[in-house]
Amino acid sequence: MRTPFIIRFLNATPRAGWIALGVFAALTLVVMPALHLLLPESSPFHVSTYVITLSGKIMCYAIVAVAMDLIWGYAGILSLGHGLFFALGGYAFGMYLMREIGTDGSYQSHLPDFMVFLDWKELPWYWAGSDSMLWAILLVLTVPALVAYIFGYFAFRSRIKGVYFSIITQAMTFAAMLFFFRNETGFGGNNGFTDFKRILGHDITSPEMRATLFALSALALMLTLLAGRYLVTSKFGRVLTAIRDAESRVMFIGYNPLHYKLFIWTFSAMLCAIAGALYVPQVGIINPGEMSPANSIEIAIWVAVGGRGTLIGPVIGAGLVNLFKSYFTVAFPEYWLFFLGALFVGVTLWLPEGVTGLWKRLKARRTA
Amino acid sequence: MNATVENPNWEVSVPAIGHVLQPGVDTSHKVILYLEDISVSFDGFKALNNLTLAIDAGELRCIIGPNGAGKTTMMDVITGKTRPDSGTCFFGQTIDLTRMTEPQIAHAGIGRKFQKPTIFENHTVFENLELAMKTDKRAWTSLFAWLSSEGRDRISDTLKLIRLDHQAERQAGLLSHGQKQWLEIGMLLMQEPQLLLLDEPVAGMTDDETERTGELFKSLAGKHSLVVVEHDMAFIEQLGGKVTVLHEGSVLAEGDLATVQADERVVEVYLGR
Ligand SMILES: Nc1ncnc2c1ncn2[C@@H]1O[C@H](COP(=O)(O)OP(=O)(O)OP(=O)(O)O)[C@@H](O)[C@H]1O
Ligand SMILES: [Mg+2]
């Protein structure tokens, strides 16, 4: 007899996991938005705009980290170009935000300011329809995934692996960055898209909108974790880790790794794009800097710090590193990159399984 | 007249024109594997040199030869890992292996055990067998695959056969060397191949384990065809099939073990010059 899909889905996560998820949902979907919206700023329990935006941002990063871990931790493919998919999602949604500005820009034109500045008379064809939010969402869900699919198809079919693959992904995001930097390509050059005003006609900086974006980011993170959990506990996930550990053996028992890699790679890119689309309205800007090679490397560092091959590890890693970053870049801005480099070396040498690995080791010692 | 043959295994019916193509391997001429004039060179060094070899359906063939004779390379060619520079390699009458990828060859019905045991060390023993089991192995199917009770039964039968039924939930990387060899043989059986290629299957096994492996192989012959590469002469004697001696990439001698061992050229090759 076939077990219904929903039962398999429920079985994929243990009870403690469901409870933790429930607590997280209550906090992010109800408690924090309520404390932000309903309490006056003078109240000690008021959740400030700073906290709401910072945690919303970090949850977007956490989605990217989980996406990265699905391919790196579980399939053994280290991408150093995941920032590209994040940025593409951000740009696709960012254009919608630009269009929502309407005639409130500095040139009072229906065209986005940067196009007026370039003396363009009309919207380029590829941005047609970008004034519709539904179309923007469709772009977010399809364009980065398509780019990933095509890139992945050629790379995996040619059996490009390991460090070669990582280098090519770096080159990919770097090339895209140069392309987006150019004014004539229609992506706003080095300033990118910014000065957003509204979403669906509502003020983008209002507390209600901030709370909504925050809650949506939390929801997206939870759905990412659930989908990830289902994937890694399915037979698909077992084949994926088998490919990571002994690819040729997998082929000799009749699996074609190409399709497995391609699926998880494209899915991972799609998650990054969703995270990017949620991130941009919260930070208020998207520019080619998001595609810089260093950004993509930073994603890998979050995962390494949190612990590869677990789903909660990347969330913890993204949270820890970024909380630290938001403190560090204020206190000692010049030293952040050195610190990040040192962190990566330190984790690689002493904590190969990241924070979650350390936790497991401590627990094992206590029970032993 | 263009009669159509209904075959339940095929999605479409095929017009019968003279010789009817059967799905799977066609062994109507008794031969299941036929290599002809295969050559493979690595940077000018000829690992296989015009190798010609035929294996009958149901046969248990042993292949011996000194180190570097090309035994493993031959298996690489059959399973699609290495493309030959020249020559043909047919599975049955119709399937040209030199044009197929590794997964396609596995689906056609050829299973392989590697010289160095390769199992999935981070998976449990049970999961290793589950992954190997003959089934639809496409990515999309795996996403929604759920182990049926028949599948579960097949795995537990195999677990008993390879005597790992008490270790089913153990991580495979923690098994002893001999147990890993057995697990890999078990994975091979789960694939239900028609042709089994076994590269040094008893290396690192105790005498008792070796003997039991020999019994297992003999019981498989007939229904399956087996090609066993070994250095262990006692084991080859136990198996009792035809023996092929490989040397410098081609066949040096062929026959039963006693005949081959009496062959002067074979003695010379084994004793060295
Ligand atoms: N990928 C490769 N590149 C270069 N040379 C290779 C490669 N694979 C095999 N060879 C060489 O081809 C020759 C045949 O190797 P092969 O592994 O087939 O020998 P074998 O008969 O299996 O030996 P053994 O009994 O030691 O396993 C050896 O000299 C080996 O060094
Ligand atoms: Mg060998």
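Lettering of chains follows the sequences in order, A, B, ..., and the numbering in each one begins at 1.
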Practice problem: Counting only heavy atoms closer than 4.5 Å, note whether A:D245 contacts chain B via side chain, backbone, both or neither. | Solution: side chain
Quiz item: chain B contacts: which residues in residues 308-318 of chain A have a non-hydrogen atom closer than 4.5 Å to it?
Solution: none
Quiz item: For B:S41 and B:D85, what are the C-alpha separation, side-chain angles and deciding distance, and is it a side chain to side chain contact (heavy atoms under 4.5 Å, CB included)?
Solution: CA-CA 7 Å; B:S41 49; B:D85 301 331; 2.9 Å; yes
Self-check item: Residue pair B:H231 / B:E200, side-chain donor-acceptor N/O under 3.5 Å
Solution: yes
Quiz item: What residue, out of B:M187, B:Q104, B:R138, B:M190, has the most heavy-atom pairs lying under 4.5 Å from chain A?
Solution: B:R138
Exercise. Would you mind listing every side chain to side chain donor-acceptor pair (under 3.5 Å) that reaches into residues 63-75 of chain A, with sequence neighbours excluded?
Key: none
Quiz item: Would you call B:V227 and B:L198 a side-chain contact if the rule is heavy atoms closer than 4.5 Å?
Solution: no
Quiz item: So which residues of residues 147-166 of chain A are in contact with chain B at a heavy-atom cut-off of under 4.5 Å?
Solution: A:R159
Quiz item: Do B:Y34 and B:F91 have their ring centres less than 6.0 Å from each other?
Solution: no
Quiz item: Between A:H82 and A:W265, does the ring centre distance come in under 6.0 Å?
Solution: yes
Quiz item: Between B:R99 and B:D96, does at least one N-O distance fall below 4.0 Å, as a salt bridge requires?
Solution: yes
Quiz item: When only pairs under 4.5 Å are counted, which of A:M251, A:K235, A:R249 shares the most heavy-atom pairs with chain B?
Solution: A:R249
Self-check item: Residue part contacting chain A, namely of B:T135, when any heavy atom lies under 4.5 Å
Solution: side chain
Exercise. Check the pair A:T241 / B:N122 against side chain to side chain contact (heavy atoms under 4.5 Å, CB included), numbers first and verdict last.
Key: CA-CA 8 Å; A:T241 41; B:N122 288 311; over 6 Å; no
Quiz prompt | Matching residue for A:V347 among A:I301, A:V355, A:V305 - test: side-chain contact (heavy atoms from CB on, under 4.5 Å) | solution = A:V305
Self-check item: Region of A:Y260 that comes under 4.5 Å of a non-hydrogen atom in chain B
Solution: both
Quiz prompt | Most chain A-contacting option - heavy-atom pairs closer than 4.5 Å, from B:K134, B:E130, B:M133 | solution = B:E130
Exercise. Report the C-alpha separation of A:I77 and A:K261 in whole Å, then their side-chain angles, then the decisive distance to 0.1 Å, and conclude whether the side chain to side chain contact (heavy atoms under 4.5 Å, CB included) test is met.
Key: CA-CA 9 Å; A:I77 303 165; A:K261 290 181 182 175; 3.9 Å; yes
Exercise. Step through it carefully: locate the ring centre of A:F236, locate the ring centre of A:F263, and say whether they are under 6.0 Å apart.
Key: yes
Quiz item: Which bit of B:E121 is near chain A, if near means a heavy-atom gap under 4.5 Å: side chain, backbone, both or neither?
Solution: neither
Quiz item: Checking heavy atoms, do the side chain of A:L240, its backbone, both or neither come under 4.5 Å from chain B?
Solution: neither
Quiz item: Highest number of heavy-atom pairs under 4.5 Å with chain A: which of B:T118, B:L188, B:I119, B:L147?
Solution: B:T118
Quiz prompt | salt bridge (charged side-chain N to carboxylate O under 4.0 Å, His left out) partners of B:R170, counting only residues at least two apart | solution = none
Quiz item: Between B:M75 and B:K81, does a side chain to side chain contact (heavy atoms under 4.5 Å, CB included) hold up when you go through it step by step?
Solution: CA-CA 8 Å; B:M75 294 201 168; B:K81 189 178 176 203; over 6 Å; no
